[in-house]
Amino acid sequence: QVHLVESGGGLVQAGGSLRLSCLASGRTFSDYAMGWFRQAPGKEREFVAGINWSGARIYYVESVKGRFTISRDNTKNTVYLQLNSLKSEDTAVYYCAADRANVISGRVDAMDYWGKGTLVTVSS
């Protein structure tokens, strides 16, 4: 079992930045690929970014490339998502998730553990 807790969300103006953190506890953090997903009101949950156990493989959804950066610190059991140049369409609840298969599939149904999310609101 892995317990995930996100933090760092908030209200920011368009063009601003936030840094989300996700602290993991339970099983060995470096055994898991980690992903960030988001869900806007009335929309499906979507993949945002993923990182394998070592950080050597990273993937982003096209809409955030060049603006968001995912990273992890296995010594701190934490995965981060740096959000820059935020747009109103980035407004959503952001979730981190862990995949014990250590594969970055980008699929919601492939993730084994989820946090409760942190809300990011971008005002225009």
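Predicted, not measured: the structure shown is a model, and the values here were computed from it.
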N/O donor-acceptor pairs under 3.5 Å from side chains in residues 103-111, not counting sequence neighbours:
from	atom 1	to	atom 2	distance (Å)
S105	OG	R107	N	3.1
R107	NE	D109	OD1	2.9
R107	NH2	D109	OD1	3.0

Is there side-chain contact between [X] and [Y], with heavy atoms separated by less than 4.5 Å?
| X | Y | value |
| --- | --- | --- |
| E44 | Q39 | no |
| Y95 | E6 | yes |
| H3 | Y113 | no |
| V79 | I70 | yes |
| V120 | T91 | no |
| F29 | V2 | no |
| E62 | Y60 | no |

Minimum heavy-atom separation for [X] and [Y], please, with both atom names.
| X | Y | result |
| --- | --- | --- |
| R67 | D90 | NH1-OD2, 2.7 Å |
| N74 | S30 | ND2-CB, 3.6 Å |
| A98 | M34 | CB-SD, 3.6 Å |

Spell out, yes or no, whether W53 and I51 are grouped together once hydrophobic residues are joined by side-chain heavy atoms under 4.5 Å, including indirect joins.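 No; I51 is not reachable from W53 via cluster members.
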Hydrophobic cluster identity match, W36 and Y80, side-chain contacts under 4.5 Å: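 No, separate clusters.
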Gap between atom [atom2] of [Y] and atom [atom1] of [X] - 0.5 Å precision:
| X | Y | atom1 | atom2 | value |
| --- | --- | --- | --- | --- |
| Y94 | L119 | OH | CG | 10.0 Å |
| R72 | S54 | CZ | OG | 8.0 Å |
| D99 | N52 | CG | CG | 11.0 Å |
| L81 | C96 | CG | SG | 10.0 Å |

CH2/W114: more than 12 non-hydrogen atoms of other groups inside 6.0 Å: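 Correct, the count exceeds 12.
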Partners of F47 by ring-ring contact (aromatic ring centres under 6.0 Å, His included), sequence neighbours excluded?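 For F47, the residues satisfying ring-ring contact (aromatic ring centres under 6.0 Å, His included) (neighbours in sequence not counted) are F37.
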Any salt bridge between R38 and E46, counting N to O under 4.0 Å?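 Judged by the 4.0 Å cut-off on N to carboxylate O distance, R38 and E46 do form a salt bridge.
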Quick one: do the R100 and N102 side chains pair a donor with an acceptor below 3.5 Å?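 There is no such pair (donor and acceptor under 3.5 Å, judged by atom type) between the side chains of R100 and N102.
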Side-chain donor-acceptor distances from residues 11-23 under 3.5 Å, at least two apart:
from	atom 1	to	atom 2	distance (Å)
S17	OG	N84	OD1	2.9

